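Both backbone and side-chain heavy atoms feed into the values below; hydrogens, waters and symmetry mates do not. This structure is a prediction, so every number in the text was calculated from the model and none was measured. Protein chains get the first letters and strands the later ones, always in sequence-line order, with residue 1 at the start of each.
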2 protein chains.
Amino acid sequence: MSVAPTSAKPRRSQEERRREMRARLAAATLESLGESGYHGASLSDILGRAGVSRGAWAHHFSSKLDLVALAAEEMLRESTEVALNLVPADLPDGDRLAALLEATWTRFYQGPRREVLFEVALACRTDAELRARLAPVFAGFIAAVGQAGGRVLRLKPGAVAAVADLLTLTIYMLRGMALQEVTTGPDGRNAALRALWARLLGEWVEVG
Amino acid sequence: MSVAPTSAKPRRSQEERRREMRARLAAATLESLGESGYHGASLSDILGRAGVSRGAWAHHFSSKLDLVALAAEEMLRESTEVALNLVPADLPDGDRLAALLEATWTRFYQGPRREVLFEVALACRTDAELRARLAPVFAGFIAAVGQAGGRVLRLKPGAVAAVADLLTLTIYMLRGMALQEVTTGPDGRNAALRALWARLLGEWVEVG
DNA sequence: AGATACAAACCAATCGGTCGGTTTTTGCAA
DNA sequence: TTGCAAAAACCGACCGATTGGTTTGTATCT
């Protein structure tokens with residue numbers, strides 16, 4: 001009787017294996033990066049989380065940096081995707097500008113991704129090789145945010161500033177706020193500050 | 001003939017020795033942190049820069065964290081001092097708000113201190129002991145900036161926001177801008193953005 | 001004399017990375 | 001379809017280098 005594999009015989013294809021292994025390692029890397037920081041995310045720690053042997057890792061990656069870079073690239077590319085697919089129609093009526101700001105905040109500057117983002121960005125400063133690999137992806141993300149913002153926002157008549165500039169200021173502001181929360185923990189007053197910023201911003205632009 | 005010490009006999013007092021040694025180590029620590037990041041600032045690297053033996057270090061500090069914390073504390077306290085002594089009279093006439101913003105930028109978010117500040121702040125996230133030691137000093141710095149700002153800025157009639165909130169938004173903005181430059185290098189366009197922000201801010205507050 | 005400041009050899013633990021060997025999948029020839 | 005060798009996936013022991021930290025001994029100051 002040629003039965004189907006009973007239990008321990010998944011018979012996965014090599015490509016399937018490869019993809020799953022790399023994904024598992026990348027996920028564990030992000031987890032370790034977020035939990036222990038770039039400084040504490042040792043290879044042993046990552047491999048332990050992923051339940052992957054050293055040999056397997058070596059088979060798929062040429063160095064630790066190679067793994068970290070891939071994980072960061074994947075995360076950034078996903079964020080870029082999200083930014084590009086931002087559609088104003090999804091926003092509720094009423095104060096749409098505030099809603100947009102809030103959406104941007106929760107999407108990009110909250111949750112475990114935020115910690116990883118800061119860790120990796122800062123690590124790029126002192127690691128030329130990592131910077132070389134991630135710079136284009138970072139740039140792509142920034143460009144996507146700018147593109148989405150320019151598509152969604154419209155300058156009010158009489159405004160004295162360009163949409164792109166106001167957008168950059170907004171991103172800087174959110175980023176500084178996020179860094180604050182990374183260091184000191186979440187702070188409820190920041191939500192009020194975002195609302196305030198939306199109100200100020202509303203003097204110059206509107207969601208269209 | 002009891003001559004004065006000819007050359008290799010400085011005869012420094014113990015307190016003098018102690019202070020100089022600790023200062024030298026702290027300076028080397030900041031240098032290493034700025035150049036190599038928290039991740040790369042090893043004890044060997046620091047001691048090498050300072051030209052200090054391992055034994056001497058151990059005599060003055062109980063651990064690496066002890067040294068790093070002291071160095072960061074000193075730097076933050078100095079910044080706090082600077083913030084507290086901020087006097088609007090020093091500002092030139094003309095666009096005083098823009099001048100104030102620019103002064104804040106160059107004082108706190110430019111130069112080697114900035115890098116160290118980010119490295120240490122981020123390290124605090126994943127190192128509870130470091131965070132415990134530096135949290136009060138960080139808080140003191142923030143409070144000093146707020147106090148100085150509140151003393152220098154005056155709300156214009158009809159403004160809809162509190163000075164403190166606008167101040168916090170400004171700090172967040174500068175911080176996000178600084179983080180950008182940390183990762184991607186200095187960018188001339190940011191100066192124009194600061195000028196723009198000063199103009200927008202001028203709608204609500206004035207330097208008094 | 002006694003304490004403090006400093007130096008250098010030394011230590012276990014951990015780091016990223018390598019290496020020989022085993023298991024699983026695959027492509028091709030019989 | 002089956003047999004089988006090459007290729008790819010995977011494992012864990014092992015490696016030299018480096019980490020933060022200790023220890024033992026000497027010089028300098030009080």
Side-chain angles (χ1 to χ4, degrees), chain A residues 1-2 4-26 28-29 32-33 36-71 123 126-130, chain B residues 2 4-26 28-29 32-33 36-71 123 126-127 129-130:
Chain A
M1 337 178 281
S2 75
T6 52
S7 64
K9 282 284 182 180
R11 178 87 186 178
R12 297 173 306 155
S13 83
Q14 307 228 97
E15 193 202 322
E16 212 174 351
R17 284 183 164 203
R18 184 173 183 79
R19 275 194 325 171
E20 200 243 282
M21 171 69 45
R22 290 174 70 97
R24 201 141 56 105
L25 279 171
T29 302
S32 179
L33 237 34
S36 318
Y38 193 85
H39 172 244
S42 73
L43 205 44
S44 310
D45 181 84
I46 295 174
L47 295 179
R49 285 173 198 268
V52 164
S53 75
R54 244 177 157 68
W57 158 76
H59 180 68
H60 292 283
F61 297 92
S62 63
S63 68
K64 181 191 174 187
L65 190 143
D66 194 22
L67 169 58
V68 171
L70 177 98
T126 46
D127 189 324
E129 199 178 340
L130 186 66
Chain B
S2 72
T6 49
S7 66
K9 284 283 185 181
R11 179 88 185 176
R12 298 173 305 155
S13 84
Q14 305 234 89
E15 193 202 320
E16 214 173 352
R17 280 183 167 201
R18 185 172 183 80
R19 276 195 325 174
E20 199 243 284
M21 173 65 58
R22 289 175 71 97
R24 199 142 57 104
L25 279 170
T29 302
S32 180
L33 277 174
S36 317
Y38 194 85
H39 172 246
S42 73
L43 205 43
S44 310
D45 181 85
I46 295 174
L47 295 179
R49 285 172 198 268
V52 165
S53 75
R54 243 177 161 69
W57 158 77
H59 179 68
H60 292 281
F61 296 92
S62 64
S63 70
K64 182 191 174 186
L65 190 143
D66 194 23
L67 168 59
V68 171
L70 177 97
T126 47
D127 190 324
E129 199 177 339
L130 186 66

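The nearest heavy atom of DNA chain D to B/Gln14 and to B/Ala58 marks one nucleotide each, and the one closer to the 5' end goes with B/Ala58.
Not counting sequence neighbours, A/Arg19 has no partner by the side-chain hydrogen bond (donor to acceptor under 3.5 Å, both in side chains) test. A/Glu16 meets the side-chain contact (heavy atoms from CB on, under 4.5 Å) test with A/Arg12, A/Ser13; sequence neighbours excluded.
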Pair pattern of DNA chain C in dot-bracket, where unpaired bases get dots and | marks partners in another strand, Watson-Crick or G-U under 3.5 angstrom: ||||||||||||||||||||||||||||.|

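Between atom CZ of residue A/Arg24 and atom CG of residue A/Leu47 there is a gap of 10.5 Å, rounded to the nearest 0.5 Å.
When the shell of 6.0 Å around CD of A/Glu20 is examined, it contains more than 12 heavy atoms from other residues, nucleotides or ligands.
Atom pair B/Arg22:CZ and C/dT4:C1' shows a separation of 14 Å (rounding to whole Å applied). What separates NE2 of B/His39 from P of D/dG20 is a distance of 10 Å, to the nearest Å. One can place CG of A/Leu47 at 13 Å from P of D/dC10, the figure rounded to the nearest angstrom. Counting to the nearest Å, the C1' atom of D/dT18 and the CD1 atom of B/Ile46 are 15 Å from each other. Remark: C1' of D/dG20 and CG of B/Leu130 are 16 Å apart, rounded to the nearest angstrom.
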Under 4.0 Å protein heavy-atom contact, by nucleotide of nucleotides 6-17 of chain C - B base, S sugar-phosphate only: SBBB-----SBB

For residues 56-65 of chain B, dump all side-chain donor-acceptor pairs below 3.5 Å to protein atoms at least two apart in sequence or in another chain.
from: B/His60; atom 1: ND1; to: B/Arg18; atom 2: NH1; distance (Å): 3.3
from: B/Ser62; atom 1: OG; to: B/Asp66; atom 2: OD2; distance (Å): 3.4
from: B/Ser63; atom 1: OG; to: B/Leu65; atom 2: N; distance (Å): 3.4
from: B/Ser63; atom 1: OG; to: B/Asp66; atom 2: N; distance (Å): 3.2
from: B/Lys64; atom 1: NZ; to: B/Ala41; atom 2: O; distance (Å): 3.0

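The shortest non-hydrogen separation linking B/Leu70 to B/Ala26 is CD2-CB, 4.3 Å. The two residues B/Leu25 and B/Ala50 make their nearest non-hydrogen contact at CD2-CB, 4.0 Å.
Sorted by first and then second residue, the salt bridge (Lys or Arg N to Asp or Glu O under 4.0 Å) pairs involving residues 46-61 of chain A (not counting sequence neighbours) are A/Glu31-A/Arg49, A/Glu35-A/Arg49, A/Asp45-A/Arg49.
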